[in-house]
Amino acid sequence: MYKPTIKMLKCNVFCLTLCVASGILLCVAAAEEQKCSINVTEANSSMESITLRLTTAGQDCNFTVLSVDSSSGVTHCVEELEENSTFQCQVVSLEPGTSYTLDIMSTTDEQRANVTQQTSPSTVSGLQVSETSDSLGVSWQPGPGRTERFRLLLTDRVGVVRNLTLESTTKNYIVTDLVPGRVYNITMVTEAGGRQSTTSRQIQTVPYAVSNLKLENNNTQDSLRASWSQPQGDVDSIVVTLSSSGTTPLEKTLSSDTTKALFHQLTPGRTYQVSVATKSGELSNQSTASANTVPGKVSQLSMVELDDSNSLKVMWAPPGGDWDKYRVLLLNGTQTLDNRTVEKGVVEYTFSGLGLVPGRTYRAGVMVESTGEQGTVEYCHRGMAPKPVSELHIRHADETSLSALWSHAPNSARDGYAVELRHGNATVATRDLTRDMRECTFNVLMPGRVFTITVTTKSGELNSSVSVLGRTVPMEVRRVHLSNQGHVDSLQASWELPPGDLDYCSLELLHNNQAVQNHTVPANTTSLQLSDLRPGASYRLVVSTVSGGMVSKPAVAEGRTVPAAVGEVMVSNNGRPDFLGVSWQPAVGDVDSYLVLLKDRDRTVHNLVVSKASPECVFNSLKSGRLYTVSIATRSGSFQNNTVVTARTQPSSVQNPNAIHSARDDFLKVYWRHAAGDLDRYEVVIKYNNTVVQNQTVARSQNDCVFSSLVPGRLYTVTVSTWSGEYQSSVSTDGRTFPSAVRRLALGDSGTGDLVVTWSPALGDVDHYEVQILFNDTRVYPPVTLGNEARDHRLASLTPGRLYKIVVSTFSGPNQRPQFIEGRTVPSQVRNLHARPGDQAASLRVSWTPGDGDVDMYTVSLSQGGHLLETRPVPKHVTELDFQGLIPGQLYGVEVQALSGILVNNSTTTGRTVPSRVTALQADSDHTTHSLTVTWETPVGVYEGYKIQLLDDGRDLVSNISMPQGSTRHLFDQLTPGKWYRVRVVSVSGGIYGKEAVAEGQTRPAAVNGLTVMTANTSGLSFIWRPSEGYVDGYDLFLYNVDETLRGRQTVEAGTQACSFSGLVPGTLYKMEVVSRSRGMSSDSSILARTVPAPVRSLHVQGGKRTDRLSISWLPGAGEWSGYQVVLYGGLEGSTTTLAAQELGMEQREHLFQGLVPGRLYRAEVVTHSGELTNAASAKGRTAPEPPSMVSFRDISDNSSVELTWEGPASGDYDTFDLQWTPRDSLSITAAQPTSRVLGGMFPGRLYNFTIRTVSGGGAKGGPIANSQPIQRSLRTNPSRLRNMHCFPQSSSSISCSWSFPDSHWDSYTVEVRQQDSWELVYALRLARDSTSLSLENLQPYKRYNVAVRVASAGLSSPAVEENVVTMIDRPPLPQYGSMRGRYASPPPPFCSSSTAAGSVTSTEPSGSSLSSWLSPMTMKSCRQSSSTLYLPSRTTEPTAPCGPTRQATFPVAVPRNREWELGRCLRSTWGRGWIAWEGLVIQRRIMITIKTVISTTSVMVLSSLRLPTE
């Protein structure tokens, strides 16, 4: 830790030093060095205390610490025993999270120092966390002391999840969108003044439960499969538990990514519950499901027929597991005869009284049921058997087929026959035959085999059977073969057994049609050896098979024995390379001729047939040395017997043998051309003086070989032999080895002009030696020949330093072997060697002239006092070298070596370096105005002393002195203040001067006096001072921030005495420093000053909805501040009546004043403090007035106006009232009284919502406006009447009304129908709002009714609109209709009629009926369109309509007013719908109808040319 030490100084100008370290702000104002200085070295703080550690330079000092910002008393510091003058001060009972300024005072001499230190904030208490699957609810209680904010830090195993900054008043927070089941660390950080305190807790969210959980049996009895969807979030494991009542639960712990579990070995038919729990840490969440295993199956199911032949009993063993009951079934095919449910304990059931039929098969089934699950049905069969067939026997048999014949069983029912062919216990074939079949044939059978044929009579699944035995005929043997197998006196008989069964085989051998041998062999025998036969003879064999006394067809084969071989074969080459002769003894037995073959490997060279009377032959033109095969075959028929021997011809010798040494001294290589013909190998022998030295055997594929370890330079004889079998041929040649080189070739004593070469004799045979000398591969002298006894030789008259090649050759015969060595003469010395100082300091330059001869390079060595310091290689063309970095002024020895190869020649000399220049030369005034102190550092190297000169700014010599070795300082006094000087210093060594060092300096100028602050505002400061004494060039003005960073800078002339700085930060403390300049030197004076703090911004005074309080809020102004004061005044701007005042901290942004008058105007002022300076801002605000009361409504005139009245507030100030309404219709407002309003132009039936507020402010008084809480009331106007309502009769028992929508808001209609005479209520109806018409049925004929319709809107009704209407009179009886060719299926349709008495419809027809009977009020109701043409159909040859023959008629129709447009549609639609087809020819006849409509007694509309449709 950095420990700042502040030294106490006192001067005429007030000085301030700011040091920040480890969070400590030290502000020290001190005096001249006193007895007890204060140096704060360490400061530590906790939540409620601050500990300081300080040191002092004084003796017998005591210190006290006083907290300026708290009420705690004086703390006395205690001196530590271990360290003198070290004190420890602990200030306790402090508030956590608070910044304190501590005043440290020496009780001995009243020295002071200030320390600002922040206590740690207290941690939160009662940290509680509640968890869900994806959120955490955190709550806490703030600790004591000050807290600026809280930070909630949430981390998991990956890193930071949330880092939230919360207000200091927050006590709980919910963190959402978390991962279920994850472990989190919650850390609550309390922050105040840059310090923190933390409290942590680990918590885990609840894991999600699995979803889509299913438990399924998959139609199994002993297993269940649980499956689910993988939950989101972190899950450590999944625990699956399967349980049922009365059993131990099964539990499985699975990995988190598992989505299924399988349980085996469960009880069939039992109900199981599965629970799947997700676990994460210590928390879990589970889901459950249940299912049943499939019940088991019954076992040992069987059914028996009872003695009465009409009943069947089924029996079973109970299943495993749980079950509730059984279901028992009896079926005849697919027909269910019985279906019963029996209890759990029953294990048998009897089917009786069902009319079972003997000979029929029945099927019984038993199924187990358990808790709604049904098991698999188990079935068994049982029935009555039919009678078997009679007279069963074998009708036909051959090698592969059997046929059986039988008679039907009498008096027996059957479905058919099943015939089975069996061999032993194995079924071979089956046949299903119809019920009328009596014979069955089986084909593709095994020959000679005994079969059982069983005929089964079938009736359903019941049967009876009878059997018979039969045998097939055996089959002859196949592929009979008689082979001699290479034998001369026997034959091997073989055959393949035929398929089927056999007892034995019979064999007979014939020679020249005479039986020679007879044999009987077992049935499984397939071969027989026939011996004692004649070589080369021909034989015939007959084979037959026998099975059960039955003999097969015979099989025949022929064969011949092998003839005998010849004996005593002789083969000879007679020493010739191309000849072989062959002879032999004749063979015994039958022989046809001899075949002699001569083969070369697999190739036949000669093929000779020789008569059996001449046993010899010869072969010529053969290959030399080749091994031949001679084969002599004895022939008899197609067989022959071979005798084979081998023989070889004489081999050939090799050609052109040669022996070479291949330039090796112990080696010979022998090679030759291959010998003709065949050979096995080569043998090579090397001899010296007829003595065998070495020999080798060489493969026939090679034509060379090598010999090593021979004597160098020696002549040898080489012999090459060709071998083929036991025969050979040889040839010889000579060869000499290469001579060896001389040994240990070396150089003897050498000089600058001669070389001596020596050697040891070469190994082996040597004739003489030869010596040559070469330079760059060029011969220098002719070669010198020496005897084989020479061992050395001298070469003279050579060039110094040159490299030569010396070659010594060994001669043996025509061969020579060279050996060479390189040798160099000694180089000559350099000339004119010199060593003198170099151009640079601490360097030596060495130079020389090259000597005679060759040289590769030079090496220059530098030494000092007999010690080698450095050696450098120098190229041969360089004759000068500098040594740098030497000791200045030192004497050195130099040696130059001339190098040629590894040979050298030396020359030496000495030299001294120049002494070095002094360093760090300075001329300093030491803060004085009359002297300069010259200092320097000792130069590097060797020197004897110094020479020093002092010159003024005019370059005139002021002083010239010499200083001895070891001096580093000199004082020049009695100098002119502020004047500029130059100093020169030179070092001396051995009479050689080093380079001079130059420095300049001047006396220091004086500082200014009387520096003070002239003016200050929020953004600027002004300062004044008195000029400094003596000579100065000007002043530099610096303005620093508290942290010593530069804020502003100015440069002014020497006569300036004031300055200003603008653009500063409000409320900030600055340091002003004035620096006096004189040629780079300066003196300074400084002072502290603070700008005026800026007023607050965005000052708002708001009452909100409260009537007794005002909230003052603001934003801080720019710059710095230390606190606020909030003052409330009761009046407008300029009022001095203070109602309340409050001091607030610098972090506050709002304040609340309570207990105020409703609706009143107030002025609030916020004063910003910064140090001792202040600045204020003010704003006006008004409390909310009291709301109005006693709101009521009163109707004024018709439905469109209303008067709204209320009472004003009982207390407080207010000016007027505000009235608003919805919906925002354009209503007229009249203010009759201040507390009432008359509203006009309201829409009928509409619901209005009114809002009334008390208003305080605004208007002529001005100032802010405040509204009270709103008072809301609702009012609905009555709906308006219906429009255009009309009613008319439809028939004698119904009337119809219609109307238009009202100009109003409405939701329904209410209808009242009364009989006019008795005023009895007939109908009371409510209709939907979209209704525009009404039909009333079941009324009395020709009665007057009153229909009253009202418009309804939310319970309010309009005045009724009434209509009176009379129902029609009952219609007269329908006329009788007829036609010439048909009749109507129903009466004709009606036609239009009118309900008024204004007109009538008539027509004159032959039948006497009226056209008006075709018209009806219902038709009239639907008329909406006018037309001028009506088509009347006719279906007879003579015009006949529903009311008779059609005639032209003219009749008037009286239509109610405004109804004339309905007639045309009525006419079309009625006739189109009303006609009923009748038979006959359709004749269309036009009927002209003129309809007169009386409208207002004046207007008449004529409709003419009306045509009715024909269909």
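All heavy atoms count here, side chains included; hydrogens, waters and symmetry mates do not.
- Glu1120 CD to Thr1168 OG1: the interatomic distance, rounded to the nearest 0.5 Å, is 13.0 Å.
- Classification of the Phe351-Tyr349 ring pair by plane angle, with boundaries at 30° and 60°, yields perpendicular.
- Rounding to the nearest 0.5 Å gives a distance of 5.0 Å between OG of Ser244 and CZ of Arg270.
- Using a 3.5 Å distance cut-off with no hydrogens or angles, the side chains of Ser280 and Asp234 do not pair a donor with an acceptor.
- The minimum heavy-atom distance linking Val1101 with Ala1179 is given by the pair CG2-O, 3.7 Å.
- For NZ of Lys344, the number of neighbouring non-hydrogen atoms (other residues, nucleotides, ligands) closer than 6.0 Å is greater than 12.
- Separating the CD atom in Gln88 from the CG atom in Leu54 is a distance of 9.5 Å, to the nearest 0.5 Å.
- Of all the heavy atoms in Ala192 and Arg146, the pair that sits closest is CB-O, 3.8 Å.
- Ring centroid separation for the pair Phe1153 and His1151 comes in under the 6.0 Å cut-off.
- Glu373 contributes atom CD, which lies 8.0 Å from atom CG of Asn219 (distance to the nearest 0.5 angstrom).
- Smallest separation of non-hydrogen atoms from Thr187 and Ser200: OG1-OG, 3.0 Å.
- Here the side chains of Leu178 and Val161 are in contact, with some heavy-atom distance below 4.5 Å.
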side-chain contact (heavy atoms from CB on, under 4.5 Å) assessment of Ser133 paired with Thr205: CA-CA 5 Å; Ser133 293; Thr205 53; 6.0 Å; no

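- The CE atom of Met303 sits 6.5 Å away from the CG atom of Leu330 when rounded to the nearest 0.5 Å.
- Nearest heavy-atom pair across Tyr184 and Val179 is OH-N, 3.0 Å.
- Rounded to the nearest 0.5 Å, atoms NE2 (His1169) and OH (Tyr1124) are 11.0 Å apart.
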